[in-house]
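Structure, as structure tokens:
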Amino acid sequence: MKQNSFGLSESNLHEECGILAVLNPVSKESNSIEGLSDAARSVFYGLFALQHRGQEAAGIAVCNGNRIHLFKKPGLVSNIFTESDIEKLQGLSAIGHTRYSTTGSSSTNIQPFYIETAHGPIALAHNGNLVNAAALRQDLLNKGIGLSYTSDTEVMIMMLAAEQGNSWQERIASCMKKWQGAFSIALLTNEGIFVARDPWGFRPLCVGKVQNGITVAASESCALITLGCTDSIEVEAGEILKLTDDGIEHCMQIAKQEQASCIFEFIYFARPDTVWNKACVHTARVNFGKELAKIAPVDADIVIAVPDSSRSSAIGYSQESGIPYDEGFSKNRYIGRTFIQPTQKLREQGVAMKFNILGDAVKNKKIVVVDDSIVRGTTMGPLIKMLKNAGAKEVHIRISAPPVRYSCYMGVDMGSEEKLIAHNKSPEEIRKHIGADSLAYLPQEKMLLAMKNSGSCSKYCCACFDGKYPIDIGKASKKTDFE
Ligand code: SF4
């Protein structure tokens, strides 16, 4: 397991990745240096809004009509790009990526990937994970195509380069039929930017227009709003769109599979101001909390959230139950989603580095703590202990999703099943393990009801809860299988 510079190791749910694309039309003042670096600059700003989806590395690729230039490094967006880096990225179209690794290690597989092809240069940014990447990789190797990295994104760009077809949209469509799994992609070419989503619709992707005919695409609508886009549309599952000088062009629709949008985007990953599948993430989370309060009421003095992603659900629980909402934790925002792993003592220290208790708020109180998930059970126990040490009389844990029992193969790194606490333990065993006075989860049917109440009638993947995978995961590879 990797250790970061604090000696903390990563061990919880990890976001997947964020992708972004910006195309400035040629008619814009393209002779000025400022105009030419606008696309990269816009991508840079947009990546800030997607930082929550991946904090290991980021990159921007820009096309000046003939050539593609690329800059990518490990780190946070704010640490990677200097003003002079952005100035050097000259071109009217650009794509960007912020990464948490799902296949392949972090350091060598930073996106976008870039290669020269017989049809011109291309760069690819990808969010998701192919379950048949190992077989596709072997196919390429058998054809004598060399590979330098260990990520499924490299496999995808090499397949695109080698694919037959008269246009990029044809080549993308052919490859999409061979790719099994989750993929939302942005492909930068010297003809424009193509964006596409897998036929199951696992990961979000949306497009929109900004002023002066600039077209943009992003993993989440919150990033489009950051760029000044007031009206965005979602890329359909299986759809290929092209950002061009004239706007957004529908290219092709691949046959859709039964829809399986990732419900965890609503539970945890997406920003609360994002709208996907017609539902606002904040509203959905509030509704999760309301349903939770209906099925698992408790006599308590306050409702608190484990910051930050559980706040909206805690507000919903409070609204439905009538128990006042308060803040119980102060969170250090500079540590990231990490905590110490090797021993219980170190784990407790890690949680203590990340959270402090607001003592006056919790002392002598019966408390409902709302969180979005218990994955390995290593954080919740220390948090309950801290609350009790601060004088809380009772601590009741309410989880705004069902128990996470199965691994994800579609782009969310949860680790192996035996590490998931709910895989082998019942809720009562988990309650004892974490030391809570009571523990309740939101049942799956209530979670889906809350999605309907939030305006979304889409079908969702719930495989990490019920083990019913929308695609065959028989040959799925582990994150570091290609290392
Ligand atoms: Fe999302 Fe869970 Fe399905 Fe993975 S298994 S795509 S995390 S709902």
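Every number for a ligand or one of its atoms is a count from 1 in the order of the listing. Sequence positions, counted from 1, serve as the residue numbers for this chain.
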> For D231, does the CG atom sit with more than 12 other heavy atoms under 6.0 Å from it, leaving out its own atoms?
Replying inline: no

> Quick check: does C262 put an N/O/S atom under 2.8 Å from atom 1 (Fe) of ligand 1?
Replying inline: yes

> With atoms numbered from 1 as shown, which atoms in ligand 1 lie under 4.0 angstrom from a non-hydrogen atom of A463?
Replying inline: 5 (S)

> How long is the gap from CD on E239 to CG on L205, to the nearest 0.5 Å?
Replying inline: 9.5 Å

> Do K178 and E163 meet the salt-bridge criterion of a basic N to acidic O distance under 4.0 Å?
Replying inline: yes

> Under 6.0 Å from the six-membered ring centre of F113 and within 45° of its axis: does the NZ or CZ of K72 meet both?
Replying inline: yes

> Identify the closest protein heavy atom to atom 4 (Fe) of ligand 1: which residue and atom is it, and at what distance?
Replying inline: C408 SG, 2.3 Å

> Do the ring planes of F264 and F269 sit parallel (below 30°), tilted (30 to 60°) or perpendicular (above 60°)?
Replying inline: tilted

> Near atom 4 (Fe) of ligand 1, is there an N/O/S atom from C461 that is less than 2.8 Å away?
Replying inline: no

>> So that I can tick it off, tell me whether K432 and E429 are bridged by a salt bridge, with the cut-off set at under 4.0 angstrom between side-chain N and carboxylate O.
In response: no

> If you measure from each non-hydrogen atom of E265 to ligand 1, which part falls under 4.0 Å: side chain, backbone, both or neither?
Replying inline: neither

>> So if I count the atoms of ligand 1 from 1 in the order they appear, which ones are less than 4.0 Å from some heavy atom of V412?
In response: 7 (S)

>> Counting non-hydrogen protein atoms only, what is the nearest one to atom 5 (S) of ligand 1? Give residue, atom name and distance.
In response: C464 N, 3.4 Å

> By number and element, which atoms of ligand 1 are closer than 4.0 Å to a non-hydrogen atom of M414?
Replying inline: 7 (S)

> Which is it for R203 and ligand 1 at heavy atoms under 4.0 Å: side chain, backbone, both or neither?
Replying inline: side chain

> Are any of the side-chain nitrogens in R53 or E220 under 4.0 Å away from the carboxylate oxygens of its partner?
Replying inline: yes

